[in-house]
Amino acid sequence: MDSCWDDLGRANRCMPRFENAVFNRTVIASNVCGSPPEDYCKQTGSSKSCHRCDAMHPALHHNATYLNDFHSDEEPTWWQSQSMFHGVQYPNSVNLTLHLGKSYEISYIRLKFHTSRPESFVIYKRTHEGGSWIPYQYYSATCGKTYRKNGKGYLRPGEDEQQATCTDEFSDISPLTGGNVAFSTLEGRPSAYNFDHSPVLQVNQSTIIKLAVYRVPLIISRNKIALLCYNKRSYSQTAIGATLH
């Protein structure tokens, strides 16, 4: 890592070290399964597997602490919402709010879903405590209808490069398990190829990240199917992201 300060204490241009800015940070979930205990099922191709969620049981809970803990692929952990039987569906949203503890320059955010990916969801950011929520990225199979945004997922030269885009790339029902979403804060922005000379893109601080989920694929709209259950992995910069696996 280059030194960010010279011998006189003046700031230098430098490359901060990579780090996982999310590991074991506080995540607040607006909805968690298991209160009261309930059964849920995961669709796995032509079959489904059913289980029980109990927020008070150490072996059966899927609380928010499982969003960014350390785990292995052989013994996965995940957060999970209540099922749609409890009204967890559009226009209601399930929100996951992540407090980073300080300001970061976000490079990318990676989400790993335990079931299929939601049909519509949004990543928001706050640049400081108490600030307004700023849309970071929209995801939807119906960008125009749901968010009044086009679904091209990129900006043309001359457009405001700080605005959030919308894409339908990650809103398909497939895969039914283990779907990933990788959001790069520079992707689809013309000045990304000349980042060192783009003051607009270099102003990218975030202290809090929020994921708001609005819709899930209709194929899992039965009462006993959970809205979503997934592992969230978010990486940022001082820091640029990489998976823990």
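Counting only N and O atoms by type, the side chains of Gln137 and Thr165 include a donor and acceptor under 3.5 Å apart.
Judged by a 6.0 Å distance limit and a 45° cone about the ring axis, Arg126 is positioned over the six-membered ring of Trp133.
Here the side chains of Phe121 and Leu211 are in contact, with some heavy-atom distance below 4.5 Å. Between Ile208 and Leu98, every side-chain heavy-atom pair lies at or beyond the 4.5 Å cut-off. Under the 4.5 Å side-chain criterion, counting only non-hydrogen atoms from C-beta, Leu111 is not in contact with Asn180. You'll find the side chain of Tyr139 reaches within 4.5 Å of the side chain of Phe183, heavy atoms only. You'll find the side chain of Asp54 stays beyond 4.5 Å of the side chain of Glu38, heavy atoms only. Using a 4.5 Å cut-off on side-chain heavy atoms (C-beta onward), Trp79 and Asn63 make no contact.
Residues forming a ring-ring contact (aromatic ring centres under 6.0 Å, His included) with Tyr124 (at least two apart in sequence, or on another chain): none. Applying the ring-ring contact (aromatic ring centres under 6.0 Å, His included) criterion to His57, with sequence neighbours excluded, gives no partner residue.
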* To do: Kindly determine whether Cys33 and Tyr40 satisfy side-chain contact (heavy atoms from CB on, under 4.5 Å), including the steps that lead there.
  => CA-CA 9 Å; Cys33 71; Tyr40 67 93; 5.5 Å; no
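Of all the heavy atoms in Asn31 and Gln82, the pair that sits closest is OD1-N, 2.7 Å. In this structure, Ala29 and Ala64 approach most closely via the heavy-atom pair CB-CB, 4.0 Å.
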